[in-house]
S.K.: 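Following this message is one structure expressed as structure tokens.
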Amino acid sequence: DTDTQWAYWDGLRKFELENRAYLQGQIGNPKGADKPNKSYYDPRKFIRAAEESMRDRVLVSMQKLSTAGKLGSTYSSVVATSPKAKAWAFLEGGSAPSPALLAGVAAIGAAVGFALAKAI
């Protein structure tokens, strides 16, 4: 839990550090005083950076625990025939989600669940 929380924060921190000059206002950045910054302060951008960082950390944990790629030989066929598989198609070029993607999504869901449980 602590490792994934830090990984999420670290992704956000790195995004801010890399884009600091573009996050000082809505208009004006190193490319020009009249250049907009909307694409930098869009929450989807920094949340994605945080989620990607957490996903990468979950994959490290899976490798250390020797669980990477251990979902079973029938997993792919079960997912591919699932009604929800179509919802994932755009992420994997039309195929079912990869185990790594599912692990990242599961970790994010768990982290959000823990955060909500603590808030209650």
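If you read the sequence from its start, that first residue is 1, and numbering goes on from there.
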S.K.: Measuring only between side-chain heavy atoms, which start at C-beta, is K31 closer than 4.5 Å to Y22?
M.R.: yes
S.K.: Is any side-chain heavy atom of I27 less than 4.5 Å from a side-chain heavy atom of K35?
M.R.: no
S.K.: Is it true that a side-chain atom of Q24 and a backbone atom of R20 form a donor plus acceptor pair closer than 3.5 Å?
M.R.: yes
S.K.: Quick one: does any side-chain atom of T4 pair with a main-chain N or O of M54 as donor and acceptor, under 3.5 Å?
M.R.: no
S.K.: Is there a donor-acceptor pair under 3.5 Å between the side chain of N19 and the backbone N or O of F15?
M.R.: yes
S.K.: Between R55 and E51 (salt bridge meaning N to carboxylate O under 4.0 Å), is one present in this structure?
M.R.: no
S.K.: Quick one: CD on Q5 to CG on D3, what's the gap to the nearest 0.5 Å?
M.R.: 9.5 Å
S.K.: Shortest non-hydrogen contact from F46 to Y41?
M.R.: CE2-O, 3.7 Å
S.K.: With hydrophobic residues grouped by side-chain heavy-atom distances under 4.5 Å, do W9 and V60 end up in a single group?
M.R.: no
S.K.: Looking at G28, is its backbone amide N or carbonyl O close enough to the side chain of N37 to form a donor-acceptor pair, meaning the two atoms are under 3.5 Å apart?
M.R.: yes
S.K.: Look at the side chain of S53 and the backbone N and O of Y8, then say whether any donor-acceptor pair between them is shorter than 3.5 Å.
M.R.: no
S.K.: With rounding to the nearest 0.5 Å, note down the distance linking CG in D10 to CG in D56.
M.R.: 10.5 Å
S.K.: Is D42 salt-bridged to K45, going by a charged N under 4.0 Å from an acidic O?
M.R.: no
